[in-house]
There are 2 protein chains.
Amino acid sequence: MKKAQATRLNILQKAFELIYSKGYQTTSIDDIIATTEVTKGAFYYHFKSKDDMGLAIIEEILKPALTSSFITALQSKENPIDGIYSLLYNILMNNDYFKVEYGCPVANFASEMTPWNSKFSHVLEELTKEWIEVMINTVEKGKKDGFIRQNVNAKHVSTFIMSGYWGIRNFGKIENDKKAYLPYLEELKIYLNTLS
Amino acid sequence: MKKAQATRLNILQKAFELIYSKGYQTTSIDDIIATTEVTKGAFYYHFKSKDDMGLAIIEEILKPALTSSFITALQSKENPIDGIYSLLYNILMNNDYFKVEYGCPVANFASEMTPWNSKFSHVLEELTKEWIEVMINTVEKGKKDGFIRQNVNAKHVSTFIMSGYWGIRNFGKIENDKKAYLPYLEELKIYLNTLS
DNA sequence: ACAAAAACATACTAATTAGTATGTTTTTTG
DNA sequence: CAAAAAACATACTAATTAGTATGTTTTTGT
């Protein structure tokens, strides 16, 4: 019950990298077992289907990694305006787990799977709602602490910011250059300051 | 030289609908010829490959349709703040060519094709740059006409707005309900008013 | 140590894929 | 009207796909 978990995790991680760079549909199981150097038997011992593995990637790789870094980044600054900006700046400019040319893995999954696969839709909805909730709470706390105006709607602001993030990720993919992020970040900073 | 063009256009339109709802990879040529009721011979007479057809969809269907409606919507109001808001409101809430559950066709293409297909990346980059340019010009005109502050950076603002649009489209896909657009639109209105 | 279960390996299958080879029909043009 | 080119039709192919059937090896509990 130790080595087996390691191979399972190895499959998930390697498969994630392949899917993140090539997309879910274009990543075949043969691709995955070739790069992980496990056999098909091992793969289907751990996952009952390709979709089962895809969902496990979201639940076991993306969800914990992103949610924790999301929360700590937001809480790193006293003023949520600084917290939100530094979260987005760092995730776009300094994170080298994410690549400009590949966009946001969650947005990619959503874009590719969502209309025709309800299981994926569901876990992705849960995940994004969790993020929005975290950001809403941050904004509300900022209102209580006097950093943000009382008439700011936390849900609207959070949705607005998350949308911009997903969108600029797609721009980055197209332009294939982190420089594409800069105009967005500049305007984000100005926008965030209007909330105080 | 008349009926042939009609079949070509028919293929492009039906293929677009399939791709818009299911994605490019998951739409097979057999799918396309089944719904268009043309044969494989006809298909490959008009397009030399699947990618050739995909690019034709962008160039001949999406580009003209979107760019023209984009420009006229932006110019419909004297104040660009109203113009931009009504453009986004209408494209999100009133356009029934686009479906919530399928998102933005251009963003879908970008998300799915961009990292591994440079030809698609290129035409999509051209297309989005064109939109950004149009919006920049609108904002600049608004500055000249006194509707928008002089210290507003038109490029930053345009990129910021376009990002938000693409992102909220992805949210809509996940939530599968136009209501997901409303918090975004409310905050967009507030943001746009800070530009005046 | 040994049986049983867990973990992995190999060789297949049936379906689907983009694309082609080779036709026939329809239009156009001289 | 006839030949040539354009437009479409049919039947294939070779590769790839997710998934399975049937093994062997390794680990675990007793």
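Quick note on labels: first sequence line is chain A, next is B, and so on, each numbered from 1.
We find that CD of B/Q5 is positioned 14 Å from C1' of C/dT27, with the value rounded to whole Å. We find that CZ of B/F43 is positioned 20 Å from P of D/dA11, with the value rounded to whole Å. The separation between A/K50 atom NZ and C/dA15 atom P is 20 Å, rounded to whole Å. Atom CG of B/D30 is separated from atom C1' of D/dA15 by 15 Å (rounded to the nearest Å). Spacing between atom CD1 of A/I11 and atom C1' of C/dA9 amounts to 13 Å, rounded to whole angstrom units. For the pair B/D52 CG and C/dA18 P, the interatomic distance rounds to 14 Å; values are reported in whole Å. Rounded to whole Å, atom P of C/dG19 lies 7 Å from atom CG of B/D51. Here C/dG19 presents its C1' atom at 13 Å from CD1 of B/I32, a figure rounded to the nearest Å.
Remark: C/dT22 base-pairs with D/dA9; criterion is Watson-Crick or G-U wobble with both hydrogen-bond distances under 3.5 Å. Of all nucleotides present, only D/dG29 satisfies the Watson-Crick or G-U wobble test against C/dC2, with each distance under 3.5 Å.
Listed pair A/S49 / D/dA18 fails the phosphate criterion, with no side-chain N or O lying under 4.0 Å from OP1 or OP2. Between B/H46 and D/dC8 there is a side-chain N or O to OP1 or OP2 distance below 4.0 Å. Dashed line: the shortest gap from a side-chain N or O of B/S28 to OP1 or OP2 of C/dT17 is under 4.0 Å.
Which of D/dA18, D/dC8, D/dT27 sits closest to the side chain of A/K3 comes down to D/dT27. Which of C/dG19, D/dG19, C/dC8 sits closest to the side chain of B/I29 comes down to C/dG19. Of the candidates D/dA9, D/dG19, C/dA9, D/dA9 carries the atom nearest the B/T39 side chain, counting heavy atoms from C-beta on. Taking the side chain of B/K40 as heavy atoms from C-beta on, and the options C/dA9, C/dG19, D/dA18, the nearest nucleotide is C/dG19. In this structure, the nucleotide among D/dG19, C/dC8, C/dT20 sitting nearest to the side chain of B/Y44 is C/dT20.
Panel note: side chain A/N117, backbone A/F120; a donor-acceptor pair is recorded below 3.5 Å.
The aromatic rings of A/F160 and B/F160 stand perpendicular to each other, their planes meeting at an angle above 60°, with 30° marking the opposite boundary.
By the 4.0 Å N-to-carboxylate-O rule, B/K129 lies close enough to B/E125 to be salt-bridged with it.
Under the 6.0 Å cut-off for aromatic ring centres, B/Y102 and B/F98 do not qualify, their centroids lying 6.0 Å or more apart. Ring centroid separation for the pair A/Y181 and A/Y89 does not come in under the 6.0 Å cut-off.
The residue among A/G41 and A/T27 whose nearest nucleotide of DNA chain D lies closer to the 5′ end is A/T27.
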